[in-house]
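Here the structure is laid out as structure tokens; the discussion comes afterwards.
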Number of protein chains: 2
Amino acid sequence: MVGIKDVAKAAGVSVSTVSNALNGRKNVGEETRNKILQLCEEMQYFPNAAGKNLKSGTSNTILFNFSDFDRSFYLKIIEGINDYANANNFDLMICTNKSCEKYMRSNLTSGCITLDVKMGNEVMNRAANENYPIVVLDRVLDNPHIKSIVVNNYDPMVEMLQGVVDRGYRRFSFLGGLESTDDNSERYQAFLDVMEKNSIPFQRRNYYSGDYREKSGYTAAKIMTLSGEVPEVIVCANDNMAIGAIRAFHESGLRVPQDVAVTGFDDCDLAEAMGLTTVCIPNYERGYMAAQSLVDIIRGNSDMETLKISASIKWRKSVWDKRPRNMVK
Amino acid sequence: MVGIKDVAKAAGVSVSTVSNALNGRKNVGEETRNKILQLCEEMQYFPNAAGKNLKSGTSNTILFNFSDFDRSFYLKIIEGINDYANANNFDLMICTNKSCEKYMRSNLTSGCITLDVKMGNEVMNRAANENYPIVVLDRVLDNPHIKSIVVNNYDPMVEMLQGVVDRGYRRFSFLGGLESTDDNSERYQAFLDVMEKNSIPFQRRNYYSGDYREKSGYTAAKIMTLSGEVPEVIVCANDNMAIGAIRAFHESGLRVPQDVAVTGFDDCDLAEAMGLTTVCIPNYERGYMAAQSLVDIIRGNSDMETLKISASIKWRKSVWDKRPRNMVK
DNA sequence: TTGTAGGCGTTATCAC
DNA sequence: GTGATAACGCCTACAA
């Protein structure tokens, strides 16, 4: 590995002159600078990030952390982050839960965006400080150096479910996601409130527990069909589980929506193709805004208020209108 | 930021003793060790990766580089890499093209896996050496420190297209991907060879240029419909473009496969849902094998032979059997 | 305009 | 068992 020292020796100057030349400082003679730059080229010198960061303590790099490879919208979020970062001269580094703390707590990065159920609150609270801001998605933390960006789950869920009720559905089941997540609580609360508002009785045994993954939706739906407890509509806490459920119903010979309707949440790629009625979360924009917030904070413009972003409803064929005059459609 | 030095001061010992204690060396007294460990806990000490790497020159970390957020199979590849890395005590760090060279050339990582059309060969050739191996997917490079893992495009493409011919199709169009890629050349060559073998004339004007993205497939299909040059079947160099084409055909009122059949390549998530006939690349396994190869090389077991992995065909409803007796189906 | 020296956080070597 | 001390590659006063 060729370092600044080797270049200095080759150029017959000191290391500081090389450093100055490379960093575009003006206290270097025209001739010297050219010679150094040319040598760097020839010798294939490349600055070592470790050494650089260690000294300067600054990196212009943002870290993104995730650990769930099942949900393709992560790519959209990364794309949003990447676009904002690139446009603002920040580098992007991505890691999974396992090595996240390592990169947060070593001036290799200037701040972190995290969207990872496996990431513990303690880890974030330990890492965040006035020099290291964190933006967390889908979770609200009470820490002056951590900004939250959450989706407004409640309102669109209420709106969608009221629409389902209005279309004539009465017998509901709910398929929940990870119960430790705020997302799941809010979506479930919205569900309960709509039930109550419309005086539709709901029994806890019609709540099925899932983990947001397709397989858990599949399993839940299998259980329903085997036990003969298939509802008129199954409301899922996310699309993946809804898709798993649809697959299970199809395998059991049940038609969606004729025999059972299904709703999701997220609007993932597959949702459109499968005709799933769902709530659309603007993921690219979420990533972009997260990066924007983080860079703002790094630059000292600290708005740490929780940001709530809104979502919209996509009506598709997994729910139809049960009311008589529309049956034909 | 609390460092080893602060802990040493608090414990009333020297920095070397703290370092020794933390790294589990046996030349530290039982009592001293306990006191140090407890202090680290209390003071929330966390080792700084930059300092560590700078000194040790080793990192047990593998780098993955990609830049295309349009293709969801990247998540599967990442998952494969992550699983192998975790199981073998390697950390995973992911970056996009922009900052890749920085992380390759600064002992923060021990090797790199790259799958990125934007990554230039020169960059890889500069970075790879006996201490820094690279595994590159979908590209073959002539460099003793770079191992290639490629998909056998040719054989499954020939097999699939022969099947299409056997089903009675004769008027073909080909929708190509980025022409600089080996993948595209091989897939196209397979196409040409099947045409020739079956004495089906193919004119170059029925080759449409795309860039692997959905939009380019959409555009190409729009052009076909508008110019009235819709073939019996359109063979696409990947799924994304095939999906774009299907969308365009549907918008123009054409049915798939009744009015026009479509084939893809990749077997992305959407392919199954949309019923696209395609070639299935085992992505999780690809990622896993790439990580395995890289770790092997890092550990000195250097098999640098190009690895060719095979793919399988998925017959779905975007191609049906045109021959009379099966028309009904 | 250029060079010297100290330090960023860590580990390794070698005295004690 | 423990502690100085010198590196690793780079940057930045400050001195020349």
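None of these values were measured; they are calculated from a predicted model. Numbers restart at 1 for each chain; the letters A, B, ... are given by sequence-line order, proteins then strands.
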ask   = Is there side-chain contact between B/H145 and B/Y132, with at least one heavy-atom pair below 4.5 Å?
value =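 A side-chain contact is absent here, since even the closest heavy-atom pair is not under 4.5 Å.
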Charged N to carboxylate O below 4.0 Å: is that the case for [X] and [Y]?
X      : Y      : value
A/D182 : A/R139 : no
B/E285 : B/K76  : no
B/D296 : B/K147 : no

Separation of [X] atom [atom1] from [N] atom [atom2], in whole Å?
X      : N      : atom1 : atom2 : answer
B/N48  : C/dG9  : CG    : C1'   : 6 Å
A/N53  : C/dG7  : CG    : C1'   : 15 Å
A/N60  : D/dC11 : CG    : P     : 14 Å
B/L22  : C/dA12 : CG    : P     : 13 Å
A/N107 : D/dC10 : CG    : P     : 15 Å
B/D6   : C/dC8  : CG    : P     : 10 Å
B/R105 : D/dG9  : CZ    : C1'   : 14 Å
A/M1   : D/dG9  : CE    : P     : 7 Å

ask   = B/L54 has a side chain; which of C/dT10, D/dC10, D/dC8 sits nearest to it?
value =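 Shortest atom-to-atom distance from the side chain points to D/dC8.
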May I ask you to evaluate whether [X] reaches the phosphate of [N], defined as a side-chain N or O under 4.0 Å from OP1 or OP2?
X     : N     : result
A/S14 : C/dT4 : no
B/T32 : D/dT2 : yes
B/T17 : D/dG3 : yes

request  = Applying side chain to side chain donor-acceptor pair (under 3.5 Å) between A/Y212 and each of A/T181, A/D68, A/N238, report the one that passes.
outcome  = A/T181
ask   = Hey, is the main chain of B/C268 close enough, under 3.5 Å, to the side chain of B/D266 for a donor-acceptor pair?
value = no
request  = Nearest-nucleotide wise, let me know which of A/G29 and B/K52 is further upstream toward the 5' end of DNA chain C.
outcome  =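 Result: A/G29.
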key: Listed partners of A/F64 passing ring pair (Phe, Tyr, Trp, His ring centres under 6.0 Å), at least two apart   =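 By the ring pair (Phe, Tyr, Trp, His ring centres under 6.0 Å) rule, A/F64 matches A/F66.
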task = Looking at every strand, decide which applies to A/S106 at a 4.0 Å heavy-atom threshold: base, sugar-phosphate, or nothing.
result =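 Touches nothing.
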What N/O pairs connect the protein and nucleotides 12-16 of chain D at under 3.5 Å? Give each pair on its own line.
residue: D/dT12; atom: OP2; partner: A/R25; partner atom: NH2; Å: 2.7

